[in-house]
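Numbers for residues simply follow the sequence, beginning at 1.
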Amino acid sequence: MESVKVSIITPCYNVEQYIGECLDSVLSQSLGDIEMICIDDGSTDSTRKILEDYKAKDPRIVIIEQENSGPSVGRNAAMDIARGEYISFVDSDDLMAEGALEKCYVLAHEYATDVVHFNADTFFDSPEFKEQFKLYEEQGQRDLANNNYIRSGYEKYNSKGTPTDGPTLFSAMYPAGTYRPPIWLCFFRGAFLKEHGFRFIKGILHADDPFTFETILSAKSVAFCDDVLYRRRFRPDSIMTTPFGRRNAVSRIIGQKKMLGFLDSIAPALSEDALRVAMHYLNYRRKIIEENYMKFLSEEEEADLEYINLLASLPIYGQPSGGQGSTSFSSRVKNKLKRTFKRG
């Protein structure tokens, strides 16, 4: 199959109110050599018809149809058929900023990057929902609503010297409080994703968390664009604005297990600074899960007890002495951890 410069992957489920605006923002990009892979995830409204109407006018649209299985399944299926030299992810209710794809493509070529990271801003679906959002602010969404997807101070990672690697960027962002896991803040080299076999975990919420964590720590070269290239919509009934519950708790625990296993596998290749930061990040996530999400699980329900026990079995990073709280890392990694904590 003939390749294109960029494949845009967009899962769609009952978004008849938003999908047209999303499609327009992508199809009108100044970079025209693209394909937009839209996954109809078993929609029951007119989403599928809208996609077909757009495809009839613009052959750059590719439609994948699946039973309702969640965005992870759709994204994985789209990655399998994507023809793009680069891959971008766009949620079906969000918008790409004008010229976003061209800016990312030029920057990626200029610095030969595996990943380009960039900024986004946020907007509310309606004034009424902005007022209702106060309820969600109590659950930790305040910073996100206040455009906390805009980061500054990373222009140095566009210098033309030795390319910056992903662990270095992560080590700068996380301690500064500016690391953000949404995949729509990234522009990926397609071969990089396929070479490493990155996949989204089926059936969980917030599958971006392990995916972005794995990609940034694996990237040999990255760049950061401080332009706002994406617009995230806050609306009712989306994953991000649905009040936290049991599924959030289960998803976070499953994601934590995946990230711990990945860090174990990649730790020997990381610098001691990057390894320390990654461990601090996962310790912080563990704390958040225990303090904010565990309250949604019940020790009286067998299914919930399974996840409570799973979380209890996951290590908390510390001096690997073999006692309580030590990691389950292999012996080849423990030596590096010892050196790391001696420095920390």
Side-chain angles (χ1 to χ4, degrees), residues 7 9 11 70-80 82 84 86-89 91 108 113-118 157 163-175 178-224 250-286 288-289 310 314-315 317 327-330 333 336-337 340:
S7 295
I9 295 176
S72 290
V73 173
R75 287 169 178 154
N76 289 338
M79 285 194 295
D80 288 339
Y86 292 90
I87 291 178
S88 179
F89 295 92
D91 285 355
T113 64
D114 292 326
V115 189
V116 174
H117 294 260
F118 50 86
Y157 296 110
T164 303
D165 59 76
T168 298
L169 181 60
F170 178 77
S171 298
M173 282 186 166
Y174 176 63
T178 56
Y179 172 70
R180 299 286 177 265
I183 52 170
W184 35 257
L185 287 170
C186 304
F187 185 80
F188 300 97
R189 184 169 63 87
F192 165 70
L193 296 182
K194 293 177 181 179
E195 288 165 4
H196 288 269
F198 296 119
R199 308 295 281 181
F200 293 94
I201 303 174
K202 177 182 177 180
I204 71 167
L205 302 174
H206 315 298
D208 301 34
D209 293 4
F211 191 92
T212 305
F213 180 74
E214 293 177 9
T215 56
I216 194 169
L217 291 183
S218 300
K220 301 298 183 185
S221 58
V222 298
F224 185 86
V250 169
S251 296
R252 298 293 193 187
I253 293 171
I254 293 173
Q256 183 78 356
K257 180 182 179 181
K258 179 76 156 46
M259 295 161 77
L260 284 163
F262 174 77
L263 186 58
D264 188 6
S265 69
I266 200 174
L270 294 177
S271 70
E272 293 184 358
D273 286 341
L275 180 59
R276 184 189 302 110
V277 171
M279 290 188 296
H280 287 177
Y281 173 62
L282 293 186
N283 278 350
Y284 171 75
R285 282 179 52 90
R286 168 67 174 265
I288 294 299
I289 291 170
L310 173 59
L314 298 179
Y317 292 117
T327 75
S328 59
F329 276 5
S330 59
V333 178
K336 187 164 191 174
L337 287 175
T340 297

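- A 4.5 Å side-chain heavy-atom check between S265 and F262 finds at least one atom pair inside the cut-off.
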- [ ] Begin with the C-alpha distance, continue with both residues' side-chain angles, and end with the deciding distance and a verdict on ring-ring contact (aromatic ring centres under 6.0 Å, His included) for Y284 and H280.
- [x] CA-CA 6 Å; Y284 171 75; H280 287 177; over 10 Å; no
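- In this structure the side chain of F188 never reaches within 4.5 angstrom of the side chain of F198, judged on heavy atoms.
- L270 places none of its side-chain heavy atoms less than 4.5 Å from the side chain of F170.
- Two residues are said to be in side-chain contact when any heavy atoms from C-beta on lie closer than 4.5 Å; L193 and T215 meet this criterion.
- Summarising the geometry, atom CG belonging to L263 is positioned 7.0 Å from atom CG belonging to L217; distances are rounded to the nearest 0.5 Å.
- For K202, the NZ atom sits in a loose shell: 12 or fewer heavy atoms of surrounding residues, nucleotides or ligands are nearer than 6.0 Å.
- Not counting sequence neighbours, the partners of S7 by the side-chain hydrogen bond (donor to acceptor under 3.5 Å, both in side chains) test are E35.
- Using a 4.5 Å heavy-atom threshold, the side chains of T113 and F224 count as separate.
- Salt bridge status for D209 with R252: present, with a side-chain N to carboxylate O gap under 4.0 Å.
- No side-chain heavy atom of Y157 sits under 4.5 Å from any side-chain heavy atom of V222.
- The existence of a salt bridge linking R180 and D208 is excluded, since no basic side-chain nitrogen approaches an acidic carboxylate oxygen closer than 4.0 Å.
- Between R189 and E195, the closest side-chain pair of non-hydrogen atoms falls below 4.5 Å.
- Panel note: side chain N76, backbone S72; a donor-acceptor pair is recorded below 3.5 Å.
- To the nearest 0.5 Å, atoms CD1 (I87) and CZ (R75) are separated by 12.5 Å.
- Note that CZ of F118 is 5.5 Å distant from OG of S88, once rounded to the nearest 0.5 Å.
- Side-chain contact between Y281 and Y317: absent, with no pair of heavy atoms (C-beta onward) separated by less than 4.5 Å.
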